[in-house]
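All values reported here derive from a predicted model rather than from experimental measurement. Chain A is the first sequence line, chain B the second, and so forth, proteins listed ahead of strands; every chain is numbered from 1.
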Amino acid sequence: MNARELIARRAAQEFKDGFVMNLGFGIPVLAASYIPEGVNVILQAENGIFEFEAVTKVGEQDAYIADAACQPTKILPGGCTVDLAMSFAIIRGGHVDATVLGALEVDQEGNIANWALPAGPGKWMPGMGGAMDLLVGAKKVICTLQHTNKKGESKILKKCALPLSAAKAVDLIITELAVMEVTPQGLVLKEVAPGVAVDEVKAVTEADLIVPDSVPEMVL
Amino acid sequence: MNARELIARRAAQEFKDGFVMNLGFGIPVLAASYIPEGVNVILQAENGIFEFEAVTKVGEQDAYIADAACQPTKILPGGCTVDLAMSFAIIRGGHVDATVLGALEVDQEGNIANWALPAGPGKWMPGMGGAMDLLVGAKKVICTLQHTNKKGESKILKKCALPLSAAKAVDLIITELAVMEVTPQGLVLKEVAPGVAVDEVKAVTEADLIVPDSVPEMVL
Amino acid sequence: MKSKETALDAALNQVKDGMTIMIGGFLGQNAPLACIDRLVERGVKDLTLITAVNAYVGGGFGMGKLIENKQIKKYIGSHIGTCPAAVEQYKSGELEVEYYPQGTVIEKIRAGGAGLGGVLTPVGIGTLMEEGKQKVVIDGKEYLVETAIKADVAIIRGYKADKVGNILYRGTPNSNPVMALAADYVIAEVDYVVEPGEIAPDRVGTPGILVDAVVLGYGEEKTQEIFKNLWVRDKKLA
Amino acid sequence: MKSKETALDAALNQVKDGMTIMIGGFLGQNAPLACIDRLVERGVKDLTLITAVNAYVGGGFGMGKLIENKQIKKYIGSHIGTCPAAVEQYKSGELEVEYYPQGTVIEKIRAGGAGLGGVLTPVGIGTLMEEGKQKVVIDGKEYLVETAIKADVAIIRGYKADKVGNILYRGTPNSNPVMALAADYVIAEVDYVVEPGEIAPDRVGTPGILVDAVVLGYGEEKTQEIFKNLWVRDKKLA
């Protein structure tokens with residue numbers, strides 16, 4: 001199982017029956033493939049759909065219905081469409097139970113940076129899209145990301161260096177090595193990936209990790 | 001012709017073809033009966049209808065459609081319904097060309113008091129309803145009222161005494177005696193009612209009236 | 001899928017003494033009449049009522065009964081004049097009244113439901129509405145800060161609901177769709193309950209995720225009769 | 001009744017060099033593609049573009065063409081990453097970019113159209129979004145003042161319009177209904193123009209009074225084909 005799949009499988013366990021959820025692109029969408037049996041969530045596409053699924057077969061598409069990635073989409077029974085103001089009123093207003101999204105960096109206070117890469121002096125890209133609204137509005141924020149960057153440096157920091165998407169917003173961090181929870185006391189190591197030792201996690205984590213006496217392995 | 005009818009007939013001349021208009025209860029609604037031939041206006045009911053007319057015959061009503069006075073109502077071809085947030089977005093956003101409404105008092109600066117009658121210390125009634133939004137939002141505000149109160153005192157004042165509905169909002173004042181326009185220079189007497197002398201108007205007007213050399217009679 | 005269809009009384013158990021409630025409708029029209037009537041029977045009291053306008057003219061109908069029955073401690077809205085009991089209780093000090101322009105009421109509710117702290121409106125500048133409020137100046141123009149409001153329970157009126165709570169409105173939806181955003185518990189009174197999928201996705205006026213309980217009201221036939229009688233009585237129809 | 005049906009070029013004559021325009025759609029989907037393509041041909045330039053997101057991924061489609069053709073001086077929205085030309089021009093200094101969170105963009109537009117000075121949002125507190133902005137504290141919580149924006153021209157996409165400009169949407173209306181409120185001149189590109197009365201009053205997503213010109217776009221059949229080809233090309237469909 002590669003890192004992406006592992007993160008996605010673990011993230012899927014955070015999907016609770018009846019939850020309204022908004023999933024970022026990449027690993028979060030992948031997580032939807034691993035939702036546990038008997039758990040039904042209502043997915044939101046922030047362009048204004050509730051309850052939908054991608055269509056991938058020619059002939060099933062409708063040019064007038066696509067999700068927030070412009071993937072042709074089918075609205076499921078019980079689903080509906082709303083305009084963009086309503087879609088974000090619902091997001092910002094606390095009506096989304098959980099969001100799962102990626103990050104460039106996340107820190108032990110729950111700060112998160114996920115939209116701003118340097119593009120020149122005072123310039124940033126690619127833009128936040130709907131992420132900042134989701135981080136502030138969703139009842140639970142689950143951040144999925146690889147534990148380290150390509151250079152092997154920790155993306156789980158004491159303090160984010162890149163411009164923040166939101167301050168103190170993240171509740172749970174899931175990487176290919178560990179599950180960590182942001183608490184008032186600090187960042188708590190909740191689970192390690194199968195076969196990964198606590199010290200291995202600590203070695204690649206810049207953040208101060210609070211390590212309980214016993215840290216269970218993820219059950220995937 | 002009684003005072004109400006005279007005011008309504010004169011007010012109707014302010015209805016311009018293609019205007020989106022919102023009419024207060026009483027004389028303003030009556031004015032709609034006297035719209036000149038060839039002039040079509042789009043009426044708004046602030047509870048959320050564009051293009052409607054009252055129905056008064058049993059069997060023509062629908063319990064689900066009524067205007068802002070809860071009069072059973074029929075939506076005309078080209079009409080539509082919107083929710084209350086959209087209805088007032090349209091009002092406040094400057095998308096209504098003109099509103100016609102009554103007043104308790106109006107003054108030479110265009111201030112208007114039309115909702116607050118004393119009901120005890122610091123207490124007022126009956127409430128402003130949608131009037132304050134209309135006064136601020138409508139492109140043109142036409143105020144229709146009797147020139148004097150039951151005691152014969154002027155309702156066209158130097159300065160409103162009752163709590164204001166809006167400051168500097170009124171464009172045109174129509175009474176059974178005169179038409180007056182609020183201008184940067186002050187309140188200008190534009191027309192007198194048939195058979196009414198300028199001095200008669202001045203005698204019952206507390207406001208400072210700017211009287212041009214020639215004041216035409218209303219053509220009703 | 002758990003159906004949100006709920007018995008009237010089970011839903012109204014959520015409304016407790018002292019709570020803040022929102023009730024949709026405009027002078028009683030497209031208002032949740034069955035829920036209101038039952039609230040009167042149940043006698044829940046000391047309520048703060050948030051609504052756009054007030055009861056149908058003259059009283060004895062819709063939310064007028066709640067006020068006549070002295071269940072409302074405080075009224076928040078734009079107008080009390082249509083409800084004689086509200087006027088009397090306000091004068092006597094039994095009913096507290098907090099006025100906002102109608103467009104402001106609905107924006108305050110929307111802000112509450114949409115996670116905004118409030119909106120900046122030019123409406124009310126230069127009037128009593130300024131009292132005790134912050135102002136913000138933008139490009140030299142003054143605006144009132146009108147803060148968000150929410151309710152413990154919102155009771156709205158739709159025409160049809162599916163079992164997951166999607167609401168289709170008929171006629172003028174008025175304040176109902178906005179109130180559905182702005183309460184901890186949202187009760188939708190409707191004439192028909194249908195299966196998910198029976199309301200086309202683009203006919204949904206309120207997404208089901210906002211609705212906690214769907215209750216059957218008086219139904220279409222009785223609703224038509226109620227308003228016909230009301231309007232005939234008041235000579236609006238002949 | 002004057003029909004608002006207008007020839008594409010006659011409507012687009014309203015778009016002049018240096019203007020601020022809003023364009024509806026979400027990554028090109030339910031965007032006014034015919035108007036955009038014609039704006040590219042017409043070559044109007046130095047535009048400020050207000051939009052929720054940006055072009056369909058990879059460019060060469062919809063509003064991406066306007067950027068590739070260097071007709072946009074300034075972009076106001078939430079994301080440029082889907083449009084390589086926008087990223088390049090931003091880096092090189094040719095394109096000015098003003099970012100707002102997507103929910104803030106749509107509220108700013110709504111405020112502009114609804115006569116509000118702005119809204120108070122918690123989104124962006126503690127981030128770069130605070131820069132140069134007023135803050136308001138309500139009950140001890142900080143909010144950013146996000147001010148209203150408007151455009152000279154809004155170009156929106158509906159499915160059907162009647163001749164008085166009432167718009168019926170199909171699928172996801174996204175930013176189109178809000179933009180219709182917030183411009184001096186509103187162009188609605190649709191697939192069908194019908195007589196007044198042919199769209200049921202409660203199916204109207206944008207009231208005709210907000211729309212200045214109704215123009216026919218590529219039509220339903222060609223729209224379906226355009227997206228089928230696009231999605232097949234990009235392996236979203238097989």
(request) For residues 119-144 of chain A, pull every pair meeting salt bridge (Lys or Arg N to Asp or Glu O under 4.0 Å), keeping only residues two or more places apart or in separate chains. (result) A:E14-A:K140, A:D97-A:K139
(message) Can a donor-acceptor pair be found, under 3.5 Å and without considering hydrogens, that links the side chain of D:Q29 to the backbone of A:A63?
(response) yes
(message) Just verifying a value: how many Å separate A:N47 CG and D:L27 CG, rounded to the nearest 0.5 Å?
(response) 8.0 Å
(request) Kindly say whether D:K236 contributes a backbone atom to a donor-acceptor pair with the side chain of A:Q71 at under 3.5 angstrom? (result) yes
(request) Working to the nearest 0.5 Å, report the span between CZ of A:R92 and OG1 of D:T121. (result) 5.0 Å
(request) Can you measure from CG (A:D62) to OG1 (D:T223) and round to the nearest 0.5 angstrom? (result) 10.5 Å
(message) Check whether A:Y64 reaches the backbone of D:P173 with its side chain - one donor and one acceptor, N or O, closer than 3.5 Å.
(response) no
(message) Using a 4.5 angstrom heavy-atom cutoff, name the option from A:G130, A:A116, A:A66, A:P163 with the most pairs to chain D.
(response) A:A66
(message) Under a 3.5 Å distance rule, please check whether D:W231 uses its side chain to pair with a backbone N or O of A:C70 as donor and acceptor.
(response) yes
(request) Would you indicate whether the side-chain heavy atoms of D:Y169 and A:T81 approach each other to under 4.5 Å? (result) no
(message) What's the separation between atom CD in D:E107 and atom CZ in A:F88, rounded to the nearest 0.5 Å?
(response) 10.5 Å
(message) For residues 52-59 of chain A, give me every residue with a non-hydrogen atom less than 4.5 Å from any non-hydrogen atom of chain D.
(response) A:V55, A:T56, A:K57, A:V58
(message) So which residue, A:A167, A:A85, A:A166, A:G48, ends up with the most heavy-atom pairs under 4.5 Å with chain D?
(response) A:A85
